[in-house]
Each structure stands twice: as structure tokens, then as C-alpha cells.
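One structure is given below, encoded as C-alpha cells.
All ligand and atom numbering here is 1-based and tracks the order in the structure.
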Amino acid sequence: MKKISVVYWSGTGNTEKMAIAIKDGAEAAGASCTCISADSASVEDVASSDSIALGCPAMGSEVLEESIMEPFITEIEKRNLSGKNLALFGSYDWGDGEWMRNWVSRMKKTGASILGEGLIIQNDPDEEALSSCRTAGKLLAQ
Ligand SMILES: Cc1cc2nc3c(=O)[nH]c(=O)nc-3n(C[C@H](O)[C@H](O)[C@H](O)COP(=O)(O)O)c2cc1C
């Protein structure tokens, strides 16, 4: 059974809803999946998973959340994640997805296979958006 880690930071719950839908999709596809907030996640657990999903909304001015998620990602990006599938996801509002483009290019250096170009949803995810998240979870479980 594939072990999948979903780790996210979410201020108002939009990215958290995406995280839960990714977990639901992964479990429906038969994977074992943990879904936790970045403030209680372990870099070791994440790096030892078969597939990984990391979520954070656009914050600051098109950056990751700086006190918890950015330091977590700084540790994760030091790891060799070759052979692992990695999904990046998050909610945004007024931007054009710049934070996600930058995040995807950072994470490519880990050697992980990035699913698509990051899954971004404007504000509160609707049912169609949640369905895309469940599909991403299924793909991570393959
Ligand atoms: C402090 C702050 C900074 C933000 N910066 C951006 C930004 O640079 N670009 C953008 O598109 N949205 C920005 N947003 C909007 C959030 O990304 C958006 O509200 C998102 O849905 C929040 O997701 P969450 O509910 O998971 O926290 C910002 C929101 C806050 C509170």
C-alpha cells in the first residue's frame, strides 16, 4: 500500500479543504494517507513517503506563508525526492498564480515528479475544484 503525506498551511480554511479532498481521493484509490497541518508535520515522515502533497495559499506578495510553511519547505527542498510523485496545491485570490509557478520551479530541484504545474483554486473551492483535488489524490496513489 502506498504511503502518502499531505501537509498544508491554511489561514482561513480554503487550502485545508483542498488538502482533505486530496486525502479522500488518495484513500479512495487504496493508499494510506496522513493529512496534517505544517506546524505539526515532520520533514522525515514526509521525505519517507511514497508520494507527497504540499499545500499553501498565496501569501505576502506572491510567496509562501513565511513563519511555518516557508521554513518547512526550506527543509524539504534539501532532500532528494527522486522517484516520488509530488503535488503542490493552494488557494489564491487576486494574483495570477505567480507564487505557485515559483514554488513548482523550486521543488523541481528535488528530483520529484511534479503533478501538473500545481493545483491552484481561487478562494473557496467549489465542488468542481474539490473533484480536481480528489483526482490529484488518486494520481498520487498510483
Ligand atoms: C496576508 C495575505 C496575503 C495574501 N497575498 C496574496 C497574494 O499575494 N496573491 C493572491 O492571489 N492572494 C493573496 N492572498 C489571498 C489568499 O491567498 C486567499 O485568501 C486564499 O484563499 C487563502 O487561503 P486559505 O483559506 O487556505 O488561507 C493573501 C491573503 C492574505 C491574508
Side-chain angles (χ1 to χ4, degrees), residues 1-81 84-142:
M1 185 186 280
K2 277 214 169 176
K3 185 186 156 205
I4 300 179
S5 285
V6 181
V7 175
Y8 64 93
W9 183 92
S10 183
T12 58
N14 297 333
T15 303
E16 181 175 47
K17 287 180 193 172
M18 296 175 73
I20 292 166
I22 291 170
K23 173 184 162 77
D24 289 347
E27 287 180 342
S32 147
C33 186
T34 57
C35 178
I36 44 174
S37 171
D39 54 4
S40 43
S42 134
V43 172
E44 290 310 321
D45 283 354
V46 171
S48 67
S49 302
D50 299 309
S51 295
I52 304 163
L54 301 171
C56 185
M59 293 298 285
S61 178
E62 298 296 329
V63 292
L64 299 174
E65 186 279 327
E66 290 172 285
S67 65
I68 294 166
M69 199 65 186
E70 176 58 40
F72 188 77
I73 294 302
T74 300
E75 286 307 309
I76 291 279
E77 71 188 341
K78 292 177 188 162
R79 304 304 174 105
N80 177 357
L81 304 180
K84 297 180 194 293
N85 289 320
L86 172 63
L88 301 178
F89 63 96
S91 176
Y92 69 103
D93 188 354
W94 55 81
D96 69 351
E98 183 188 345
W99 105 102
M100 183 58 77
R101 291 194 296 280
N102 293 337
W103 194 12
V104 166
S105 37
R106 276 175 77 174
M107 298 311 290
K108 278 183 178 163
K109 294 173 192 154
T110 63
S113 299
I114 315 259
L115 209 66
E117 285 299 307
L119 181 54
I120 68 172
I121 301 293
Q122 195 168 27
N123 296 315
D124 193 8
D126 61 13
E127 185 43 45
E128 189 186 344
L130 293 174
S131 173
S132 313
C133 295
R134 286 191 286 271
T135 301
K138 280 181 194 148
L139 290 172
L140 288 177
Q142 281 170 7

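- With a 4.5 Å cut-off on side-chain heavy atoms, E62 and N102 do not count as touching.
- Near ligand 1, heavy-atom contacts under 4.0 Å come from S10, G11, T12, G13, N14, T15, P57, A58, M59, G60, S61, E62, S91, Y92, D93, W94, G95, N123.
- Interatomic distance, CD1 of I22 versus SG of C35, reported as 8.0 Å (0.5 Å rounding).
- Checking S132 against E128 by side-chain atom types alone, no donor-acceptor pair falls below 3.5 Å.
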Candidate pair S131 and E127, rule side-chain hydrogen bond (donor to acceptor under 3.5 Å, both in side chains), full reasoning: CA-CA 6 Å; S131 173; E127 185 43 45; 5.4 Å; no

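- Taking 4.5 Å as the limit, some side-chain heavy atom of R79 sits within range of a side-chain heavy atom of E44.
- When side chains are defined from C-beta on, T110 does not count as touching K84, because their heavy atoms never get closer than 4.5 Å.
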